[in-house]
Protein chains: 2
Amino acid sequence: MGKQEANIYEIAREAGVSIATVSRVINHSNAVSEKSYRRVMDAVRKFNYVPNSTARSLSTSTSTSIGVVIPDINNPFFSLLLEGITRVADERGYHVLLFNTAENTDREHQVLQTMREHRLRGIIITPVSEQDPDTMKRLHNFETLGIPVVLLDREVDSQFFDRVVTDDERGVHAAVSELIRVGHRRIAIITGPEASRPGRERLRGYYRALREHGLPVTPAYIRKGDFMVDCAYEQTLALCAMQEPPTAVFSSNNMTTYGCLKAFNELGLRVGADIALVGFDDIDALCWLDYNISVVSRDVPEMGKQAMRLLLQRFESERGERAGARECLPTELLLRGSELLPESGRAH
Amino acid sequence: MGKQEANIYEIAREAGVSIATVSRVINHSNAVSEKSYRRVMDAVRKFNYVPNSTARSLSTSTSTSIGVVIPDINNPFFSLLLEGITRVADERGYHVLLFNTAENTDREHQVLQTMREHRLRGIIITPVSEQDPDTMKRLHNFETLGIPVVLLDREVDSQFFDRVVTDDERGVHAAVSELIRVGHRRIAIITGPEASRPGRERLRGYYRALREHGLPVTPAYIRKGDFMVDCAYEQTLALCAMQEPPTAVFSSNNMTTYGCLKAFNELGLRVGADIALVGFDDIDALCWLDYNISVVSRDVPEMGKQAMRLLLQRFESERGERAGARECLPTELLLRGSELLPESGRAH
DNA sequence: GTGAAAGCGCTAACAG
DNA sequence: CTGTTAGCGCTTTCAC
């Protein structure tokens, strides 16, 4: 029971060399004689030795763990992000410490606090709020301590950090422009939280499209959402109950799209026939279910990968430049028919 | 730049006490005089001191990190599991090191190997295969080293580990029995991989239900699946193309359900009207989309919580008993109409 | 090319 | 109640 892992001393003894030599061998550092090398490797194999990364961390004052802070693992968007992050982290020998804030600011502060105990090599975070001063202070603190921070999808009120975002404004602009092009004039949007970059940018794209096409802004068509199903559902019901309901709805994220569809289904409205719908972020499940919803799509795992790559870059540029890089990935408008004007484009 | 974190020596100096006293204060161990306590706390606040967990780990030969090995973060089932795990881990001061094997045995071995470098306190794993000898050997190895392992949902060919499973056989038995009760006689199943407990158990439940109701087993109605959408889709198409197609299909997991629905949609079959469908594991999205699919449901986050709790139990029972606990959570049959006999139960 | 020795920051006896 | 000291396992000068 409790058979301990072998340590560097046992390997050294077995190989008849000093621990320094063992260390050199397992780190491929310096030159070691052919003979010592072989003897050490034999001992390593014999004892199935694996160096203790905790000790190594303490000794080198560095680590291979990166902290990943996500607001909701169960949202497919974030799990895709996570997939991208872990993919390149793995490839490069880093490990992911996962923290779930559940969109809760207090949890976020707590998480950021406990993260300080760990010798993290870097941090990737999608902050709950972009305006939370406490979170911002803590993140700055990490940077000050030499722990790089990368913001993912959401930003904070600071140009100080590296961040990975997408061209949401342009994507939504393209989508809404297309709605206008096919003939829509009464276009609603269910927004995201104003406190978040994605929410703001997507709304901006909507405004710009209307403006550029000379359409008036109808405040009642702009419904506040929170990126959650329930709220989107309620707002959609409200939209459809209007005297002059919109002919098209733009939904600002994947959950919002579900909420819209839920309401449409309940009202017996067929998307692409009775009402148009375009959403932000693609949803695999909808494709399987033969819902041909047009969406502003982006390569989500790639966003995660980029975030991790940005971090790696910071590691390599030895304390060189300050942060502030901004990776902006493109969006793509995928037209599948749900954008068509009612009566002009029945699905079958 | 690189302003270092304060260490215990600086706090001791500032407070005018020894590092031992500081250690006592921050660990709430032993008794410390009111005065020392206050002086230390003041210093801690002044320097915003947080103890270095790496040093602590090395010193105590223990850690608060648990390794979680998951085959596919993007499957909602696993992200729900993860949510449960992180929830109770957080509450109890543990952190999750996340590893994604992408259902790949080689990746799994690799992951298990790198996990040895870390001083993990425990491991929760849903193994890719239940029969992989290499994985099994490595897991045993962890146990031998005093690192408890909990198997989640899937098992391995060993009674040696703690594990959390659900009563799949019984759940499927209930579901298929219900199908029979409402009049179905030609009931197909799309199975999961035979190499996995869930796949096997669910098939067993199907067999038992048929047997107990005196229905013959029709081999052509038993289609091999792999818990993935594509395969389920193909198999469903094949089923529907039979001379005597089934009147009901049981799908063995969430992805399989999607595959079935995809095929049904493509063939223009309405679930609950033209064909019956019951699946294993509930799917939120389907509810939002007003698909009233009956399912064998279980509390997935609770499974994750239980796994973590089992681990905590092992930590506390100081090297006491050996592993082998088997937590079996119940399943529940949720009837929503999709199980009804064609023609006998139109949705509206 | 190799070994001795000094840490990394903290905990835990062991003396006072 | 408090301080001294010896590690935890590894890396890294610095001599030889």
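Note that the first and last nucleotides of DNA chain C, 5' to 3', having any atom under 4.0 angstrom from a heavy atom of chain A are C:dG1 to C:dG9.
Contacts between residues 6-17 of chain B and DNA chain C, defined by a heavy-atom separation under 4.0 Å, are made by B:Asn7, B:Ile8, B:Tyr9. The stretch residues 52-62 of chain A touches DNA chain D through A:Asn52, A:Ala55, A:Arg56, A:Ser59, A:Thr60, each having a heavy atom within less than 4.0 Å of the strand. Of the residues in residues 33-43 of chain B, not one comes within less than 4.0 Å of DNA chain C through any heavy atom.
Every residue two or more places apart in sequence or in another chain that forms a side chain to side chain contact (heavy atoms under 4.5 Å, CB included) with A:Pro51 is listed here: A:Ile26, A:Tyr49, A:Arg56. Judged as a side chain to side chain contact (heavy atoms under 4.5 Å, CB included), and not counting sequence neighbours, the contacts of A:Ser57 are A:Ser63, B:Thr54. Scanning for ring-ring contact (aromatic ring centres under 6.0 Å, His included) contacts around B:His109 gives an empty result, with sequence neighbours left out. The side chain to side chain contact (heavy atoms under 4.5 Å, CB included) check on B:Gln110 picks up B:Arg107, with sequence neighbours excluded. Applying the salt bridge (Lys or Arg N to Asp or Glu O under 4.0 Å) criterion to A:Arg92, with sequence neighbours excluded, gives A:Glu316. Take B:Arg39 and apply the side chain to side chain contact (heavy atoms under 4.5 Å, CB included) test, not counting sequence neighbours, and it matches B:Ala15, B:Lys35.
Counting non-hydrogen atoms of neighbouring residues, nucleotides and ligands closer than 6.0 angstrom, the CZ atom of A:Arg87 reaches no more than 12 such neighbours.
At the phosphate of D:dT4, neither OP1 nor OP2 sits under 4.0 Å from any side-chain N or O atom of B:Ser18.
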Atom pairs, protein N/O to nucleotides 13-16 of chain D N/O, distance under 3.5 Å:
none

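The distance between atom CD1 of B:Ile19 and atom C1' of D:dC8, rounded to the nearest whole Å, is 14 Å.
Checking A:Asp153, A:Asn104, A:Thr101 one by one against A:Pro71, the side chain to side chain contact (heavy atoms under 4.5 Å, CB included) holds for a single residue, A:Thr101.
At its two ends the helix from C:dG1-D:dC16 to C:dG16-D:dC1 runs along axes set 40° apart, each axis drawn from five pairs and the angle rounded to 10°.
Judged by distance alone, the side chain of A:Thr86 and the main-chain N or O of A:Leu82 form a donor-acceptor pair under 3.5 Å. A:Arg163 places a side-chain N or O within donor-acceptor distance of the main-chain N or O of A:Phe161, the cut-off being under 3.5 Å. A donor-acceptor pair under 3.5 Å is formed between the side chain of A:Glu143 and the backbone N or O of A:Val149.
Taking the six-membered ring where tryptophan is involved, the planes of B:Tyr94 and B:Phe315 are tilted, since the angle between them lies from 30° to 60°.
A heavy-atom distance below 4.5 Å is not found between the side chains of A:Ile66 and A:His95.
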